[in-house]
Amino acid sequence: MTLAEGVVAPGFEPVREAFERNFADGGEVGAGLTVYRHGEPVVDLWGGWADPASRRPWRRDTIAPLASTCKTFASGALLLLAERGRVDLEAPVARYWPEFAGQGKDGITVRTLLGHRAGLPSLHMRPITWEDLRDWTPITEALAAAAPEWPPGTAHGYHGVTIGHLAGEIVRRVSGLTLSEFLAREITGPLGLDCYVRVPDAAMPRLATMVVPDAEAVRLGMEVPELAEFVEALHDPGTLTYRALYGSVAIGWDTTNERRTYEVESPSMDGVASAHSLARYFAALIGEVGGVRLLSRDLLDRVRTPQADGIDRILRVRTAWGIGFAVPGGPFWPAPEHLTGLFGQSGATGSFAFADPDRGLAFGYVPNRGSELLEGGDFRVRTLIEALYRAPL
């Protein structure tokens with residue numbers, strides 16, 4: 001079949017070439033890639049198989065699991081409430097969620113929480129189950145009862161399993177809507193997006209099948225020298241790294257293609273989107289798209305200003321965080337680090353989305369072959385971004 005369908009604007013041909021090379025040389029199975037510039041798509045590509053077993057082709061509206069990239073939906077929802085004056089980023093979380101104040105958490109602000117500095121990367125409960133995700137409140141009650149792992153605001157560590165529920169519960173308390181309901185009413189509905197933290201039945205037939213990396217690929221991915229300390233900690237049940245990631249969930253790669261994974265509200269781990277919708281969402285964060293703009297320039301500048309930069313207490317490597325989004329810094333950030341002012345998020349499925357407000361760019365990449373790296377950012381997306389910045393911007 002044709003390696004890539006879709007269109008690119010003049011000058012962006014190198015992006016198509018890089019996208020097709022990922023299939024020819026890089027083991028890509030199926031993927032979509034969209035780039036917006038100043039509110040209009042300049043790259044809109046898709047190709048390969050949404051389901052390699054049945055030879056179902058990838059189409060423009062194919063949706064696929066994002067893993068951690070879906071965290072940006074919860075962050076964006078909370079920031080939209082801040083934009084509208086309903087949430088103060090400098091206010092204590094407990095102003096909106098009173099039960100959260102216990103165990104020394106009364107001074108944690110919304111900004112501190114969204115910068116992964118609250119000290120709540122793990123759950124002081126049994127690992128999260130399907131039933132917990134379905135019911136929501138067992139997880140938020142556990143977070144309200146938890147004591148911080150470090151003094152809040154003094155360090156940062158990836159809240160990989162918890163940040164979606166932390167942000168989502170504030171959204172629920174302020175708006176009276178579940179995160180899915182708020183997204184549909186205020187963001188994805190007005191923008192016409194296929195972005196979900198709970199997939200509706202009507203969209204399920206368009207969901208791609210994930211191809212999980214084999215053990216050898218994962219082993220090679222984990223042999224990146226910069227990740228040695230992280231990999232060692234990840235496999236030691238006595239570490240906070242293990243407790244925050246593997247130890248906090250009873251759900252693994254083997255359930256990735258189970259329908260029930262996407263029937264629950266799991267905003268840290270299990271959201272889905274099409275590449276086109278993901279890029280359109282990020283475009284609306286930084287500018288007007290179809291008459292909708294989500295964040296003002298003033299708030300946007302705060303969002304992309306680093307709140308934390310240094311060795312991550314969980315990932316054991318350098319990471320950097322703005323407010324609700326990663327910013328350039330460290331091995332899990334796949335864009336060249338000399339490009340400052342960007343913000344985004346990668347996921348273990350290989351997905352990545354980011355915005356470059358200074359150049360008016362919004363990028364959404366969604367594949368269905370999982371990344372060899374736990375938090376994504378592998379060579380496939382890096383080559384696409386390098387090609388993008390060779391275009392006339």
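Small disclaimer: the values here were computed from a predicted structure and weren't measured.
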Please say whether more than 12 non-hydrogen atoms of neighbouring residues, nucleotides or ligands are located less than 6.0 Å from CD in E13.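 Yes - once you tally the heavy atoms of other residues, nucleotides and ligands closer than 6.0 Å, there are more than 12.
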CZ (R185) with more than 12 external heavy atoms under 6.0 Å: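 No, the 6.0 Å shell around CZ holds no more than 12 heavy atoms from other groups.
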Would you call [X] and [Y] a salt bridge, using N to O less than 4.0 angstrom?
{"X": "E386", "Y": "R382", "value": "no"}
{"X": "E263", "Y": "R259", "value": "yes"}
{"X": "E149", "Y": "R243", "value": "yes"}
{"X": "R390", "Y": "E17", "value": "no"}
{"X": "E265", "Y": "R172", "value": "no"}

Strictly distance-based, threshold 3.5 Å: is any side-chain N or O of [X] a donor or acceptor partner for the main-chain N or O of [Y]?
{"X": "S277", "Y": "L193", "value": "no"}
{"X": "T34", "Y": "A279", "value": "no"}
{"X": "K105", "Y": "P148", "value": "no"}
{"X": "T112", "Y": "I108", "value": "no"}
{"X": "S371", "Y": "T349", "value": "no"}
{"X": "R380", "Y": "E28", "value": "no"}
{"X": "N368", "Y": "W49", "value": "yes"}
{"X": "Y96", "Y": "D88", "value": "yes"}
{"X": "R16", "Y": "G6", "value": "yes"}
{"X": "R84", "Y": "L81", "value": "no"}

Taking the side chain as everything from C-beta on, heavy atoms only, tell me whether [X] gets closer than 4.5 Å to [Y].
{"X": "L143", "Y": "L123", "result": "yes"}
{"X": "S351", "Y": "P367", "result": "yes"}
{"X": "R56", "Y": "T209", "result": "yes"}
{"X": "C195", "Y": "R280", "result": "no"}
{"X": "P65", "Y": "L207", "result": "yes"}
{"X": "I163", "Y": "L120", "result": "no"}
{"X": "P357", "Y": "R297", "result": "yes"}
{"X": "L315", "Y": "F230", "result": "yes"}

Between [atom1] on residue [X] and [atom2] on residue [Y], distance to nearest 0.5 Å:
{"X": "R111", "Y": "E90", "atom1": "CZ", "atom2": "CD", "result": "4.0 Å"}
{"X": "D270", "Y": "E258", "atom1": "CG", "atom2": "CD", "result": "11.0 Å"}
{"X": "F325", "Y": "T72", "atom1": "CZ", "atom2": "OG1", "result": "5.5 Å"}
{"X": "H165", "Y": "I128", "atom1": "NE2", "atom2": "CD1", "result": "6.5 Å"}
{"X": "D194", "Y": "L278", "atom1": "CG", "atom2": "CG", "result": "11.5 Å"}
{"X": "L79", "Y": "L285", "atom1": "CG", "atom2": "CG", "result": "8.0 Å"}

Steps toward side chain to side chain contact (heavy atoms under 4.5 Å, CB included) verdict (V264, W136): CA-CA 9 Å; V264 296; W136 183 267; over 6 Å; no
Scan D106, L166, T140 and name whichever one has a side chain to side chain contact (heavy atoms under 4.5 Å, CB included) with F100. L166
Out of the candidates V381, L384, L33, V29, only one should pair with N22 under the side chain to side chain contact (heavy atoms under 4.5 Å, CB included) rule; please name it. L384
Identify the two heavy atoms, one from [X] and one from [Y], that lie closest to each other, and give their separation to 0.1 Å.
{"X": "G168", "Y": "L179", "value": "CA-CD2, 4.5 Å"}
{"X": "P237", "Y": "H235", "value": "CD-O, 3.5 Å"}
{"X": "L191", "Y": "A284", "value": "CD1-CB, 3.6 Å"}
{"X": "T305", "Y": "D301", "value": "OG1-O, 2.6 Å"}
{"X": "Y36", "Y": "V289", "value": "CE2-CG1, 4.3 Å"}
{"X": "T154", "Y": "P151", "value": "OG1-O, 2.6 Å"}

State yes or no: are the ring centers of [X] and [Y] separated by less than 6.0 Å?
{"X": "F352", "Y": "Y365", "value": "no"}
{"X": "F73", "Y": "Y281", "value": "yes"}
{"X": "H156", "Y": "H116", "value": "no"}
{"X": "W333", "Y": "F343", "value": "no"}

Chi angles and distances behind the ring-ring contact (aromatic ring centres under 6.0 Å, His included) call for F19, W46: CA-CA 9 Å; F19 186 72; W46 60 93; 9.2 Å; no
Is there a donor in the side chain of S54 and an acceptor in the side chain of D51, or the other way round, less than 3.5 Å apart? yes
Worked check of side chain to side chain contact (heavy atoms under 4.5 Å, CB included) between R37 and L361: CA-CA 5 Å; R37 185 169 186 241; L361 294 175; 3.9 Å; yes
L295 vs I286, test: side chain to side chain contact (heavy atoms under 4.5 Å, CB included). Steps then yes/no. CA-CA 7 Å; L295 304 182; I286 65 172; over 6 Å; no
Any chain of hydrophobic side-chain contacts (each under 4.5 Å) joining [X] to [Y]?
{"X": "W321", "Y": "I311", "result": "no"}
{"X": "V272", "Y": "M204", "result": "yes"}
{"X": "L45", "Y": "L393", "result": "yes"}

Verdict with reasoning, E83 to R293, per salt bridge (Lys or Arg N to Asp or Glu O under 4.0 Å): CA-CA 11 Å; E83 178 68 50; R293 177 170 184 151; over 6 Å; no
List the steps, then state whether side-chain hydrogen bond (donor to acceptor under 3.5 Å, both in side chains) holds for S68 with Q345. CA-CA 7 Å; S68 289; Q345 178 75 50; 4.7 Å; no
As a quick check of understanding, evaluate side chain to side chain contact (heavy atoms under 4.5 Å, CB included) for V317 and E229, giving each step before the final call. CA-CA 8 Å; V317 296; E229 187 175 345; over 6 Å; no
In a check of salt bridge (charged side-chain N to carboxylate O under 4.0 Å, His left out) between R304 and each of D356, D358, D298, which one passes? D358
